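Have a look at the structure below, then the notes.
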There are 2 protein chains.
Amino acid sequence: MPTTTSASGSRPGGRSARVRAQVLEATGAQLVEHGYDGLTVDAVAERAGVHRTTVYRRWRDIGGLLADLLDAAGDDGWEPADTGTLEGDLTALNEEILAGVAADPPLTTALIAASFRSAQAARALRAFWEDRYARCAVVAVRAEERGELPPGTRSRELLVAATAPVYHELVLLGTPPDPHLPATAARTAALAARAGAFTGP
Amino acid sequence: MPTTTSASGSRPGGRSARVRAQVLEATGAQLVEHGYDGLTVDAVAERAGVHRTTVYRRWRDIGGLLADLLDAAGDDGWEPADTGTLEGDLTALNEEILAGVAADPPLTTALIAASFRSAQAARALRAFWEDRYARCAVVAVRAEERGELPPGTRSRELLVAATAPVYHELVLLGTPPDPHLPATAARTAALAARAGAFTGP
DNA sequence: ATTCTAACGCAACAGTCGTCGCTTTAGGGA
DNA sequence: TCCCTAAAGCGACGACTGTTGCGTTAGAAT
């Protein structure tokens, strides 16, 4: 997570960039240590050694902070695992999701919660997810090349079918993490995909 | 939505019940008219013609109000539609979900948002959903009886697989409502179920 | 080196949220 | 009918959030 990203304003060098780096780092640290409820603008500002008004002016609210954090995080070089089978790839993906959602501190949940309070955070989180799904398209491509899938399979639908149950159980239904939920959801989606559920008009 | 439910306290008659009815009705009306952001304890109290502290003492926060509202709503006689086919039943269910989430005012979204702020609201919402899933079990039973499904299909898994993509797309990913999302998600889940994805160990 | 200005620091402010101690009232029981 | 008490009313309070006007500073331009 590089913190040297240049600010987009007209004075990128020196202080602005430094303040941004300090504040974003403080945001992440505060979120990790005290969860979403402990994530107030005041706490972040104090932790970053910066005045409250500076944060309010540049980021508007906590949602803005998280959005900025997410934009930076989205630029990492993440790629889906390549296990050799469609079901294996989807399972690995779901296991990452499960680990992320069930993690302590609940970073993902905090971001989702924030997205309900801040349109800015919501946009950033959705962009992050869409980017992730786009990167995962290769999973379907590989499966097609191996002959595991009918040609023309719509990767996004397949990926949503595979991952949605994990999010749904953990985030919305609040069921305790089931260690083989990732595999069963992946298997179900792979089965449907092989049967052609995501091809055709 | 009957508002004559008796309060569970030790003084059920008269004032307590009247206040509860007034406050719950005001909560619903305020939510419908001004959305979740306009749903403050103060606004509800004023609307109900009741003092702020009364609301804070009996319901603690907005989450408590919504939880109480949900408990009342869960007692309706809702039943899943019976269309004659598994896929039809699941599609109808998904269409109800889509309508609920995409509705204006966004009642469902407001409840979900509240569940991230209030553990009480979260519990109530989850109980509501589990109750709905339990009532939907009959969909799988009917399908089994028609020979559409292998015996021993786990209804909850099937229902989650069918409905999760709808919630995921609309609530988390924020994609605009796709009118045939309900049908495609239902078809996918039904396909997997027929192939035995939800049977066995 | 000097100047100029975008960005930050600062203090005071209004608005909101949730709590507390006390008083008043309604309604159930004798 | 009278009393007793659970519940509601009331005002004040502290904590937090977000804004504004103004002074200060760092660093970019020349």
Side-chain angles (χ1 to χ4, degrees), chain A residues 3-27 30-31 34-68 113-114 116-121, chain B residues 3-27 30-31 34-68 113-114 116-121:
Chain A
T3 50
T4 53
T5 312
S6 66
S8 56
S10 59
R11 189 163 286 185
R15 190 162 60 161
S16 292
R18 197 163 55 242
V19 164
R20 189 176 111 111
Q22 285 168 4
V23 169
L24 289 190
E25 197 206 309
T27 303
Q30 188 71 13
L31 184 56
H34 301 285
Y36 182 62
D37 289 331
L39 190 69
T40 71
V41 172
D42 283 37
V44 169
E46 195 186 355
R47 181 168 199 143
V50 156
H51 203 267
R52 297 167 3 93
T53 42
T54 297
V55 179
Y56 279 116
R57 269 195 277 253
R58 283 187 58 172
W59 287 276
R60 181 174 178 85
D61 58 16
I62 335 156
L65 282 171
L66 291 172
D68 202 354
F116 281 97
R117 292 208 215 180
S118 155
Q120 212 177 344
Chain B
T3 50
T4 53
T5 312
S6 67
S8 56
S10 58
R11 188 165 282 185
R15 190 164 58 161
S16 293
R18 196 162 57 240
V19 165
R20 190 176 111 111
Q22 286 169 2
V23 170
L24 288 189
E25 196 206 313
T27 303
Q30 187 72 13
L31 184 56
H34 300 285
Y36 181 62
D37 289 331
L39 188 67
T40 70
V41 172
D42 283 36
V44 169
E46 194 185 358
R47 181 169 199 142
V50 156
H51 203 268
R52 299 169 356 95
T53 45
T54 297
V55 179
Y56 279 116
R57 270 197 275 256
R58 283 187 59 172
W59 288 277
R60 182 175 177 83
D61 57 17
I62 336 153
L65 282 171
L66 291 172
D68 201 356
F116 280 98
R117 292 208 217 180
S118 155
Q120 213 177 343

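All chains are named by letter (A, B, ...) in the order of the sequence lines, taking the proteins before the strands, and each is independently numbered beginning at 1. In this text, all values refer to a predicted model and were calculated from it rather than measured experimentally.
- Residue R47(B) places its CZ atom among more than 12 non-hydrogen atoms of other residues, nucleotides or ligands, all under 6.0 Å distant.
- Distances from the side chain of R58(B) to the nucleotides dA8(D), dG9(D), dC10(C) place dA8(D) closest.
- Between the CD atom of Q22(B) and the P atom of dA8(D) there is a distance of 10 Å, given to the nearest Å.
- What separates CD of E46(B) from P of dG15(C) is a distance of 15 Å, to the nearest Å.
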For nucleotides 16-20 of chain C, print each protein N/O atom paired with a nucleotide N/O atom at under 3.5 Å, atom names and distance only.
residue	atom	partner	partner atom	Å
dG18(C)	OP2	Y56(B)	OH	3.2
dG18(C)	N7	R52(B)	NH2	3.2
dG18(C)	O6	R52(B)	NH2	3.0
dT19(C)	O4	R52(B)	NH2	3.1

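- Spacing between atom NE2 of H51(A) and atom C1' of dT25(D) amounts to 15 Å, rounded to whole angstrom units.
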Quiz item: Which is it for V19(B) and R58(B) under the side chain to side chain contact (heavy atoms under 4.5 Å, CB included) test, yes or no, and what are the steps along the way?
Solution: CA-CA 10 Å; V19(B) 165; R58(B) 283 187 59 172; 4.1 Å; yes
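- The shortest side-chain heavy-atom distance between Y36(A) and R117(B) does not fall under the 4.5 Å cut-off.
- Counting heavy-atom neighbours within 6.0 Å of Q22(B) CD, excluding the residue itself, gives a total above 12.
- Within the model, atoms CD of Q30(B) and CG of L65(B) stand 11.0 Å from one another, a figure rounded to the nearest 0.5 Å.
- Remark: D61(A) engages no residue in a side chain to side chain donor-acceptor pair (under 3.5 Å) (not counting sequence neighbours).
- Atom CZ in R20(B) sits about 17 Å away from atom P in dG27(C), given to the nearest Å.
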